[in-house]
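Everything below concerns the one structure shown next.
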Protein chains: 2
Amino acid sequence: MVVDQLKTKPSDAETDRLFHALADATRRDIVARVTAGEYSVSGLTALYAMSFAAVQKHVAVLERASLVTKEKRGREQIVRGNHEGLQKARHLLDQLEMIWRQRAGRIADILAEDDERDLP
Amino acid sequence: MVVDQLKTKPSDAETDRLFHALADATRRDIVARVTAGEYSVSGLTALYAMSFAAVQKHVAVLERASLVTKEKRGREQIVRGNHEGLQKARHLLDQLEMIWRQRAGRIADILAEDDERDLP
DNA sequence: CTGATCTACAACCATTTGGTTGTACGATAT
DNA sequence: ATATCGTACAACCAAATGGTTGTAGATCAG
């Protein structure tokens, strides 16, 4: 099932790649652009003050992190946003969020126990 | 207002620090541990196969990313999870998610226009 | 066919990262 | 008082990062 893929915990290496890919302003901008529309690699290069090869490397990093996909069209390579990577990242943050809420819950429990102790 | 702090877009450098901090398995584990409970830096060191100084550096990276806080207690430094960083990270992913949904919306619009063209 | 465009990839370089060891210092326990 | 514990920080090192230039292969336009 597709759901299984979401519930499957990504490997550490996968997660490393994901967050590392997001830890760069240029790459985040690329993700936003190609999620909103289609860009070739050279189309993206026009947007930034860096060489084609540099952008190419950024796209490769994003691709390895499942945040974008590339598809050959004629002599161009079309880059598109890939929802899968984003969902993975959100899922991982959700897990940390759950740990936080569990802790908050335990604290509430402890306070409740204290209250009980105060009862007659 | 507190709400303003959440709505304020974090700087690129802040976001870089955040995702970079999360892009390491040891650091993610530290975040999970100190979110669930309290640990001193040397208490954390006992958990990993690396030197005290290495763990100290990881904690420093997490602290700069607002993912943990440190508080001196006696001769120990207590590390605690900081919800602020997590929320920031989730907010940033939410923004990308929004771009995705907007695009999905536009595609639906385009399909709807095509349908209209087909009408008499 | 020829030339221009888009891509891939290697080689190189400066900086950052993630680890180490070693030294120093305040807080604690004996 | 002294030894030990927890921390801070500097110096060092290998590997990874983020950028460059240069070369070469496909694809398209004229």
Side-chain angles (χ1 to χ4, degrees), chain A residues 11-34 37-80 82 85, chain B residues 11-34 37-80 82 85:
Chain A
S11 71
D12 280 355
E14 236 179 319
T15 311
D16 288 0
R17 267 179 269 138
L18 233 184
F19 285 123
H20 170 252
L22 289 170
D24 179 283
T26 302
R27 285 197 290 264
R28 286 192 300 275
D29 192 69
I30 291 177
V31 170
R33 303 257 192 185
V34 303
E38 282 185 358
Y39 281 85
S40 67
V41 179
S42 50
L44 285 170
T45 301
L47 301 173
Y48 310 106
M50 67 183 73
S51 69
F52 173 84
V55 174
Q56 208 176 17
K57 284 191 186 179
H58 281 306
V59 171
V61 169
L62 291 170
E63 197 181 14
R64 264 180 272 132
S66 309
L67 281 166
V68 307
T69 60
K70 279 194 310 185
E71 189 196 346
K72 209 167 183 172
R73 194 164 71 192
R75 66 183 155 185
E76 295 187 330
Q77 199 80 253
I78 303 299
V79 185
R80 293 196 185 81
N82 184 5
Chain B
S11 71
D12 279 354
E14 237 179 318
T15 311
D16 287 0
R17 267 178 269 138
L18 234 183
F19 285 123
H20 171 252
L22 289 169
D24 179 282
T26 302
R27 284 197 292 264
R28 285 192 301 275
D29 193 70
I30 291 177
V31 170
R33 303 255 192 187
V34 302
E38 282 185 358
Y39 282 85
S40 68
V41 179
S42 50
L44 286 171
T45 301
L47 302 172
Y48 310 106
M50 66 182 74
S51 68
F52 173 83
V55 174
Q56 209 176 18
K57 283 190 188 183
H58 280 308
V59 171
V61 169
L62 291 169
E63 197 181 14
R64 264 179 273 132
S66 310
L67 281 166
V68 307
T69 60
K70 279 195 310 187
E71 188 195 346
K72 208 165 184 171
R73 195 163 70 192
R75 66 182 155 185
E76 295 187 329
Q77 199 79 255
I78 303 299
V79 185
R80 292 196 185 82
N82 184 6

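Below, chains carry the letters A, B, ... as their sequence lines are ordered, and counting in each starts from 1. Everything numeric in this text was worked out from a predicted model, so none of it was measured.
Listed pair A/His20 / D/dG18 meets the phosphate criterion, a side-chain N or O lying under 4.0 Å from OP1 or OP2. One finds a side-chain N or O of A/His58 lying less than 4.0 angstrom from the OP1 or OP2 phosphate oxygen of D/dG19. Look at B/Lys70 and you'll find a side-chain N or O under 4.0 angstrom from OP1 or OP2 of D/dA8. OP1 and OP2 of C/dT5 both lie 4.0 Å or more from every side-chain N or O belonging to A/Ser42.
Spacing between atom NZ of A/Lys72 and atom C1' of C/dT7 amounts to 8 Å, rounded to whole angstrom units. To the nearest angstrom, C1' of C/dG18 lies 12 Å from CD1 of B/Ile30. Per the geometry, CG belonging to A/Asp24 stands 15 Å off C1' belonging to C/dT17, to the nearest Å. One interatomic measurement links the two molecules: CZ of B/Phe52 to C1' of C/dT23, which rounds to 14 Å at whole-angstrom precision. Between the CG atom of B/Leu44 and the C1' atom of D/dT7 there is a distance of 13 Å, rounded to whole Å. Nucleotide D/dT17 holds its P atom 13 Å from the CG atom of A/Leu62, rounded to whole Å. If you take CZ of B/Phe19 and C1' of C/dT16, they are 20 Å apart, rounded to a whole angstrom. Atom CD1 in A/Ile78 sits about 14 Å away from atom C1' in C/dT5, given to the nearest Å.
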Run the side-chain contact (heavy atoms from CB on, under 4.5 Å) test on B/Arg33 and B/Asp29 for me, step by step, so that the C-alpha distance in whole Å, both residues' side-chain angles and the decisive distance to 0.1 Å come before the verdict. CA-CA 6 Å; B/Arg33 303 255 192 187; B/Asp29 193 70; 3.1 Å; yes
Step-by-step side-chain contact (heavy atoms from CB on, under 4.5 Å) determination, B/Lys70 to B/Val79: CA-CA 5 Å; B/Lys70 279 195 310 187; B/Val79 185; 4.2 Å; yes
Mind running side-chain contact (heavy atoms from CB on, under 4.5 Å) on A/Val61 and A/Arg64 for me, showing each step along the way? CA-CA 5 Å; A/Val61 169; A/Arg64 264 180 272 132; 4.0 Å; yes
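For B/Met50, the listed nucleotide lying nearest its side chain is C/dT20; candidates were C/dG18, D/dT7, C/dT20.
Although no hydrogens or angles enter the test, the distance criterion places a donor-acceptor pair under 3.5 Å between the side chain of B/Arg27 and the main chain of B/His20.
Comparing B/Gln56 and A/Ser51 against DNA chain D, the residue whose closest nucleotide sits nearer the 5' end is B/Gln56. Where B/Ala49 and A/Val41 meet DNA chain C, the nucleotide closest to each residue was compared, and A/Val41 sits on the side nearer the 5' end. Map B/Gln77 and A/Ala54 each onto its nearest nucleotide of DNA chain D; the residue landing nearer the 5' end is B/Gln77.
Among the heavy atoms of the strands, none lies under 4.0 Å from A/Arg73. In this structure, A/Thr26 reaches neither bases nor backbone, as no heavy-atom distance under 4.0 Å exists between it and the strands shown. Counting non-hydrogen atoms under 4.0 angstrom, A/Lys57 reaches a base of the nucleic acid.
A/Tyr48 is not listed as a side-chain neighbour of A/His58, based on a closest heavy-atom distance of 4.5 Å or more.
Residue side chain B/Arg75 does not reach the base of D/dT7 through any donor-acceptor N/O pair under 3.5 Å, judged by distance alone.
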